Structure formats: structure tokens, C-alpha cells
Trainee: 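Dumping the structure here so I can ask a few things about it.
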Amino acid sequence: MTMFTKREVTVPACSNSRPFRFSLSALILFMTVLASTSCSEKKQGDDIGSKGRAAKDSTLVIAMLGDADYLNPVLGTTVTSNNIFSLIYPGLLQSEFDTTTGLLNFIALEKRLRQTGTGTGKKTPRAALAKTWRMAPDHKSITYILRNNAFWNDGKPIVSGDFKFSYKLYGNPVIASARQQYLSELIGAETGQVDFRRAIETPDDTTLIFRFHKPVSEQLALFHTSLTPLPSHYWRSVKPEDFRSSPLNQLPLGAGPYKLQVWRQQQEIVLASNKRSNLPKPGNIPYISYRVVPDYTVRLTQLQTNAVDVVENIKPEDFQGVLKSNAAIEIKTVGLRVFDYVGWSNIDQAEYHKTGKIKPHPLFGSAQVRLALTTAIDRESIIDGYLKSYGVLCNTDISPSLKWAYNRAILAHQFDPAKASALLKAEGWLPGPDGILRKNGRKFSFVLYTNSGNARRNYASVIIQQNLKAIGIDCKLDVQESNVFFENLQSRKLDAWMAGWSIGLEIDPLDVWGSDLKKSRFNFTGYQNPRIDGLCELAKQKMDPLEAKAYWMEYQQILHRDQPVTFLYWIRETQGFNKRIQGEELNISGTFYNIDDWTLNPSATVAL
């Protein structure tokens with residue numbers, strides 16, 4: 001149960017602010033005092049709330065489908081949350097994606113893992129906390145040297161101890177971070193519990209050493225040791241059992257180019273440029289407003305009328321109308337990193353929650369049944385009717401953009417209702433008097449959930465419902481508010497759902513498919529396959545990631561065979577931008593890859 005119940009959080013803008021230890025009553029008192037306290041820095045509300053040109057020229061407005069779940073990197077799981085807290089918190093390293101090879105590169109202030117081609121972003125590594133690193137010859141430890149001129153927003157230095165403290169949070173089973181798998185190579189993890197005393201050493205404030213229980217490739221070591229830190233002095237007094245409900249989650253203390261100014265939950269998140277930041281610098285645009293606008297049509301109208309600057313996932317069919325309605329709008333495309341899928345609970349979730357035992361789901365527990373469902377769905381029809389040339393059939397969760405690892409030999413499962421019916425019949429599903437398939441007296445009937453406000457998934461779900469009805473499956477549709485939907489998904493409360501996934505650019509899928517369901521927090525389906533676990537571990541053992549290619553080839557073949565989910569299509573994301581935004585650079589790393597470098601053309605404004 002969340003301790004903090006107020007719907008709006010305003011963070012003090014005073015540069016001399018210091019962290020507090022909050023109880024709920026203390027937080028409310030703090031909010032009351034804040035309302036009557038003046039600060040030397042101008043309040044965001046005096047700017048964004050006005051109708052004057054200054055407000056319009058100083059505020060970037062982004063319309064988003066749903067609110068963030070947490071602005072805490074230990075807890076946040078959604079793309080929206082990541083987009084926002086990555087601007088608030090610092091990073092040990094920066095990364096860049098080489099589109100020529102499909103490999104992710106890591107860079108510190110004075111070192112980079114490898115030289116990359118021309119198909120990379122243009123950001124410099126000035127935001128990195130690490131000056132350099134050194135991998136041990138036996139590949140069982142990595143040592144970072146940190147810069148000594150980085151500070152949290154309260155003036156306290158960012159030190160190596162912040163990383164050790166934060167990794168204890170990521171690895172704490174009570175907190176249950178979705179990123180626990182990142183700690184799987186640290187000393188002690190092989191016995192089930194990381195020995196943080198030996199696994200992470202901090203001999204001084206600028207030296208950070210990670211030690212592994214086995215040799216680890218430099219690429220994987222850099223990836224798994226660069227989780228976002230929290231300030232230890234700010235969070236130290238919060239007990240693990242109170243971590244998720246702590247009021248500090250609404251008052252993040254960061255060090256990045258932006259800081260939280262206002263969070264009106266389910267309405268708006270406003271970030272203010274952080275004048276103290278040298279990681280890499282204060283954001284160019286004074287304020288960024290993330291407005292929650294669940295309805296696609298409303299988001300589109302707001303873009304066309306200059307009420308907002310950015311709207312993601314514009315329908316291709318709307319391009320012409322949008323561009324014709326407003327000459328100040330342009331459409332930008334990036335991909336392939338995001339795919340939609342239909343999730344099938346492979347296990348009986350009710351039994352798992354009740355007893356902890358794993359039993360096959362009565363409807364979706366069989367791989368042959370899941371294959372039947374995939375072949376019954378006309379994925380090409382969804383692409384042709386909605387995404388058109390901006391959609392590509394998806395076979396597994398390794399993107400064609402990851403060129404070195406993508407298995408081009410896999411042939412997509414074709415739409416074949418007759419084959420689907422035959423597979424289901426072989427599994428004992430036969431038509432009942434009403435035409436609905438039955439097995440042992442149970443109807444093949446279920447509810448397919450998705451989140452509200454996503455026109456693409458709404459379109460696809462109707463086609464899926466019709467396709468399944470044609471072979472005797474009763475599929476009801478239910479749309480949930482986005483935060484409710486994702487909370488239910490993460491709690492493994494849904495039997496069938498339609499959602500999307502933005503893949504990491506480093507292949508590390510155990511958090512999604514790992515058989516240890518307590519550690520693999522993104523394994524919503526409960527899929528378990530020891531060979532998948534083994535292939536992921538074998539791939540990690542290769543010191544050169546390219547040498548792991550054979551393992552990823554087999555990995556994709558198994559997923560294609562087992563169909564733990566129905567992979568639908570990769571999406572070339574289509575984003576609507578107001579031309580008053582300048583300096584934007586979209587690439588596979590994300591729409592907002594270099595948002596702190598964007599500027600606004602003062603001669604063009606949006607309505608506020």
C-alpha cells in the first residue's frame with residue numbers, strides 16, 4: 001500500500017535544498033511549508049502556467065500515453081519512466097549503438113570499448129561518471145576510476161560508495177527490482193546470494209571494483225556494472241520493506257541535466273533544467289512537460305493545434321492529414337527496437353500465487369496450443385491495415401537491427417487457420433454444441449487485456465478476436481488504464497494480454513525468459529526452458545560477443561518453436577514533431593536520445 005497519497009508533488013527549486021527523512025505527516029507538513037516559502041530560483045509554475053510568450057518559448061511539451069510508474073531506476077519498469085529518470089540521474093558510462101554492426105558500445109570520459117563506424121550517435125561522453133576502466137587479465141574483475149567533480153543536487157559528491165549501496169538495493173529480494181539479473185555474475189550469486197563485501201569494493205571515493213565468480217567478457221561486465229546509482233546518504237535510512245512506498249520516490253535527488261519540478265500523478269510530470277549539473281550540462285530547454293493524454297485522437301489533435309510539441313506513434317494513415325493541417329509539423333521515423341506481442345500465461349498463475357508450484361496453464365500451457373494461436377492470427381493483415389510499410393513481421397525478440405545475432409534462416413509462422421485447428425484438435429480441443437472448443441468440459445474462452453489509449457493495439461486486438469473466433473475460440477476484449485494494466489502484468493495477474501516491448505541493445509534476455517521467476521521479474525508468462533537458461537549462460541562465457549552468435553541462433557529457434565508469446569510485428573516508430581524543436585537526433589537508442597541538447601525556436605510557440 002502506498003504511503004504517499006497526495007496527487008501532486010512539487011519539488012523545491014532552491015539550490016541549497018537538502019534531503020529529509022520523511023514520514024507521511026512530515027511530508028505533508030513539508031509541502032505546506034514549501035507553499036509559503038520563496039526560493040531564489042524562479043518557480044516553474046510561474047512560467048509554464050502563464051499564457052505569455054516566455055512560457056511557450058521555455059517549455060517543451062510531450063504528450064504521453066500513460067504516467068510513469070516510478071521515477072526511481074531501481075523500481076521503474078516502463079519506457080516512459082526510463083525516459084524521464086534517465087534525465088534526472090547520472091550514469092557510470094554512456095553507450096552508443098553502431099548500426100553498421102548492430103553492436104552496443106560503451107564509453108567513459110577517457111576510454112571507449114571499441115571504435116565505431118559512422119552509424120552512431122553524436123553525443124560526447126561528458127555525462128559519464130567513469131573516467132576510465134580496467135578489465136583484469138583473468139576477466140574476473142573490473143575496476144573503474146570515477147571523476148571527482150560530480151555532485152548530487154544537494155551538493156554532496158557522487159562517490160563509489162553510492163554504487164555499492166545502490167547495487168545492494170538492486171539485489172535485495174525484498175525490494176524485488178526487475179534488474180536483479182544484472183548481478184548474476186557477482187561473487188556469491190552462484191550460491192544464490194551476492195556477497196557484497198567481496199563482490200563490490202570501494203577502496204576510496206573514486207575507485208570502484210566489481211568482482212565476479214567467473215570470467216566475464218568486457219562487454220557484459222560493462223553492461224552489468226553500469227546500473228544507475230542512487231545517492232546513498234539520501235536513501236540510507238529507508239528500510240527495504242518500505243522502499244517501494246517511500247515518499248522519496250516522489251522526490252528524486254539526482255544529478256543529471258534535469259530535475260523533477262512537479263508531478264501531478266496521471267496528469268503531468270514537469271522537469272526543470274538542472275543549473276548545477278555538469279553531467280554533461282544543464283538541459284538547454286528550461287522546462288520539459290510530459291502530459292498524460294490517454295486518448296490517441298486527443299493527442300493527435302493537440303499536436304495539430306500546437307498544444308503539444310511531440311506525439312509518438314502516429315498512425316501512417318494519419319500522416320497526410322497531420323502534415324496538411326499544420327505546416328509546422330514533421331514526421332520522424334526510428335526503428336527497429338519495439339515490437340508488439342500477445343502474451344500467453346504459460347503457467348497457472350492462480351496456483352503459482354497460492355502455493356508457489358508451477359503447473360501448466362489450462363489453456364496456454366502447451367507449446368502446440370500456443371503455436372496454434374499464432375498460426376490462427378493474421379499478423380500480415382494487422383500490418384497491412386495499420387502499420388503498412390512501418391511494420392515488419394516479428395519472429396523472436398532479437399531485432400533485425402542486431403545484425404550480428406539475428407537469425408535470418410527462421411521462416412515466419414504463416415497465417416493458417418486449418419493448421420491451427422488441426423494442432424488444437426491434436427491437443428484434445430474439440431468443438432462444443434455452441435461451436436466453442438472444449439477440452440475436459442472446459443471452454444476455450446478467455447479475456448485478452450491491453451492498455452487504454454493505444455490505437456494500434458486496439459486495432460490489432462479486434463482482428464485477433466475475429467481470427468480466434470473463426471477457429472472456435474472465445475476471446476473477449478478488455479481495455480485497462482495503462483498504469484493498472486502494467487501493474488497487473490508485472491504482478492502476473494493476467495492470463496492473456498497484448499503489450500509491447502522495447503528491447504535492450506545488448507542481448508541479455510534472462511530477465512525476460514529466465515526460469516527463476518523470482519529473479520526474472522519481466523518473465524510475465526512464466527515460461528521456463530532450461531536450454532534457454534543454458535544458452536544465455538554459454539553466450540555470457542564468450543569473451544568476444546561475436547563468438548556467441550551460434551548460441552543466439554539456437555535461442556531464436558527455440559523461442560520460434562515454443563511460442564511463449566505470439567510475436568506480432570516490429571515497429572518503425574513514427575513520431576510527430578513540431579518544427580520549432582531544433583537539434584533533435586533520433587536513432588535506435590530512442591526518440592529522446594539527445595533531448596538535453598534540443599533547443600526551441602523562439603519565433604514558434606505552442607499553446608499553453
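Here the structure is a predicted model, which is why all the values come from computation and not from measurement.
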Trainee: Between the side chain of Asp69 and the main-chain N/O of Thr77, is any donor-acceptor distance below 3.5 Å?
Mentor: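 Side chain of Asp69 to backbone of Thr77, a donor-acceptor pair under 3.5 Å: yes, one is there.
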Trainee: For the backbone of Pro294 and the side chain of Arg299, can you confirm whether one donor and one acceptor N or O come within less than 3.5 Å of each other?
Mentor: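 Side chain of Arg299 to backbone of Pro294, a donor-acceptor pair under 3.5 Å: yes, one is there.
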Trainee: Using side chain to side chain donor-acceptor pair (under 3.5 Å), reason through Glu573 and Thr591 one step at a time and then give a plain yes or no.
Mentor: CA-CA 9 Å; Glu573 300 169 83; Thr591 300; 4.7 Å; no
Trainee: Check the surroundings of atom NZ in Lys131: do more than 12 heavy atoms from other residues, nucleotides or ligands lie under 6.0 Å from it?
Mentor: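 For Lys131, atom NZ is not crowded (no more than 12 foreign heavy atoms under 6.0 Å).
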Trainee: Is a side-chain N or O of Arg147 found less than 3.5 angstrom from the main chain of Ala130, in a donor-acceptor match?
Mentor: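 Looks like no, no N/O pair under 3.5 Å.
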Trainee: Indicate whether the side chain of Glu96 and that of Ser589 have a donor and an acceptor atom separated by less than 3.5 Å.
Mentor: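 Looking only at side-chain atoms, Ser589 and Glu96 do not form any donor-acceptor pair under 3.5 Å.
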Trainee: Report yes or no: does Asn105 contribute a side-chain atom to a donor-acceptor pair with the main-chain N or O of Arg114 at less than 3.5 Å?
Mentor: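 Yes: the side chain of Asn105 pairs with the backbone of Arg114.
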Trainee: Consider only side-chain N and O atoms of Glu218 and Trp133, and report whether a donor and an acceptor are under 3.5 Å apart.
Mentor: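 Yes, Trp133 and Glu218 have a side-chain donor paired with an acceptor closer than 3.5 Å.
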Trainee: Taking the six-membered ring for Trp, are the ring centroids of Tyr170 and Tyr182 within less than 6.0 Å of each other?
Mentor: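 Ring-ring flag for Tyr170/Tyr182: false, centres at least 6.0 Å apart.
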Trainee: Keeping the roles fixed (side chain from Thr225, backbone from Ala221), state whether a donor-acceptor pair exists under 3.5 Å.
Mentor: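 Yes, the answer is positive, given that a donor and an acceptor are paired below the 3.5 Å cut-off.
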Trainee: Charged N to carboxylate O under 4.0 angstrom, Asp597 versus Lys281?
Mentor: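 Yes, charged N to carboxylate O under 4.0 Å.
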Trainee: Would you call Arg457 and Asp340 a salt bridge, taking side-chain N to carboxylate O under 4.0 Å as the test?
Mentor: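 Looking at Asp340 together with Arg457, the answer is yes, because their closest N to O distance falls below 4.0 Å.
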Trainee: Going by side chain to side chain contact (heavy atoms under 4.5 Å, CB included), Ile507 matches just one of Tyr555, Trp404, Tyr551. Which one?
Mentor: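 The passing option is Trp404.
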Trainee: Carefully, step by step, assess Gln304 and Ser325 under the rule side chain to side chain donor-acceptor pair (under 3.5 Å).
Mentor: CA-CA 6 Å; Gln304 292 171 297; Ser325 70; 3.1 Å; yes
Trainee: Okay, side chain of Ser277, backbone of Ala255: is any donor-acceptor separation there less than 3.5 Å?
Mentor: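 Yes; judged by distance alone, with no hydrogens or angles, the pair exists.
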Trainee: Can you tell me if Asp162 uses its side chain to pair, donor with acceptor, with the backbone of Val159 under 3.5 Å?
Mentor: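 Yes, Asp162 side chain to Val159 backbone: donor-acceptor pair under 3.5 Å.
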Trainee: Between Arg580 and Asp309, does at least one N-O distance fall below 4.0 Å, as a salt bridge requires?
Mentor: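 Here Arg580 pairs with Asp309 in a salt bridge, since their nearest N and O are under 4.0 Å apart.
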Trainee: Measuring centre to centre across the rings, with the benzene-like ring taken for any Trp, is Tyr70 within less than 6.0 Å of Phe85?
Mentor: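 Judged by ring-centre distance (under 6.0 Å), Tyr70 and Phe85 do not meet the cut-off.
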Trainee: Start with the C-alpha distance between Asn249 and Asn72, add both sets of side-chain angles, then the distance that settles side chain to side chain donor-acceptor pair (under 3.5 Å), and finish with yes or no.
Mentor: CA-CA 6 Å; Asn249 284 306; Asn72 181 331; 2.8 Å; yes
Trainee: Find out whether Ile88 and Leu271 are in side-chain contact, i.e. whether some heavy atom of one side chain is under 4.5 Å from a heavy atom of the other.
Mentor: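 Contact flag for Ile88/Leu271 side chains = yes.
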Trainee: Are Lys388 and Glu317 within salt-bridge range, i.e. N to O under 4.0 Å?
Mentor: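 Judged by the 4.0 Å cut-off on N to carboxylate O distance, Lys388 and Glu317 do not form a salt bridge.
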Trainee: Answer yes or no: is there a donor N or O on one side and an acceptor on the other, between the side chain of Ser399 and the main chain of Leu336, under 3.5 Å?
Mentor: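 Here the side-chain-to-backbone pair exists.
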Trainee: Determine whether Trp497 and Phe485 satisfy the following criterion, ring pair (Phe, Tyr, Trp, His ring centres under 6.0 Å), listing intermediate values before the conclusion.
Mentor: CA-CA 9 Å; Trp497 64 92; Phe485 171 74; 8.0 Å; no
Trainee: With a 3.5 Å cut-off and no angle check, do the side chains of Asn284 and Asp596 form a donor-acceptor pair?
Mentor: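 Looking only at side-chain atoms, Asp596 and Asn284 do not form any donor-acceptor pair under 3.5 Å.
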Trainee: For the backbone of Gly283 and the side chain of Ser273, can you confirm whether one donor and one acceptor N or O come within less than 3.5 Å of each other?
Mentor: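 At least one qualifying donor-acceptor pair exists.
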Trainee: Would you sort out whether Asn407 and His560 count as a side chain to side chain donor-acceptor pair (under 3.5 Å), showing the intermediate values?
Mentor: CA-CA 11 Å; Asn407 192 335; His560 191 60; over 6 Å; no
Trainee: Return the minimal non-hydrogen interatomic distance between Ile398 and Tyr406, and the atom names on each side.
Mentor: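 In this case the closest contact between Ile398 and Tyr406 is O-CD1, 3.4 Å.
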Trainee: Is the shortest side-chain heavy-atom distance between Tyr290 and Ile84 below 4.5 Å?
Mentor: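 Answer yes - side chains close enough.
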Trainee: Do you know which of Asn458, Asp318, Asn454 makes side-chain hydrogen bond (donor to acceptor under 3.5 Å, both in side chains) with Tyr296?
Mentor: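 Of Asn458, Asp318, Asn454, side-chain hydrogen bond (donor to acceptor under 3.5 Å, both in side chains) with Tyr296 is met by Asp318 alone.
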Trainee: Under the 3.5 angstrom rule, does the side chain of Ser217 hit a backbone N or O of Leu220 as a donor-acceptor pair?
Mentor: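 Yes, the answer is positive, given that a donor and an acceptor are paired below the 3.5 Å cut-off.
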Trainee: Can the ring centroids of Phe210 and Tyr167 be said to lie less than 6.0 angstrom from one another?
Mentor: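 Ring-ring flag for Phe210/Tyr167: true, centres closer than 6.0 Å.
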Trainee: Heavy atoms only: give me the nearest Ile383-Gly391 pair and the separation to one decimal.
Mentor: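 Closest approach of Ile383 to Gly391, heavy atoms only: CG2-O, 3.8 Å.
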Trainee: Could you check whether atom CZ of Arg134 has more than 12 heavy atoms from other residues, nucleotides or ligands sitting under 6.0 Å from it?
Mentor: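 Open: at most 12 neighbouring heavy atoms sit under 6.0 Å from CZ of Arg134.
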Trainee: Quick check: closest heavy atoms across Tyr459 and Ile382, and the distance to 0.1 Å?
Mentor: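 Nearest heavy atoms, Tyr459 then Ile382: CE2-O, 4.0 Å.
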Trainee: Would the Tyr390 and Phe319 ring centres measure less than 6.0 Å apart?
Mentor: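 Yes, the ring of Tyr390 comes within the 6.0 Å limit of the ring of Phe319, centre to centre.
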Trainee: Are side-chain N/O atoms of Thr574 and Asn313 paired as donor and acceptor at under 3.5 Å?
Mentor: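 Checked: Thr574/Asn313 side chains show no N/O donor-acceptor pair below 3.5 Å.
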Trainee: CZ of Phe486 to OG1 of Thr80: how many Å apart, nearest 0.5 Å?
Mentor: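 Interatomic distance, Phe486 CZ to Thr80 OG1, rounded to 0.5 Å: 8.0 Å.
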Trainee: Check whether any side-chain heavy atom of Leu260 lies under 4.5 Å from a side-chain heavy atom of Leu251, and answer yes or no.
Mentor: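 Result no, sub-4.5 Å side-chain heavy-atom pair not found.
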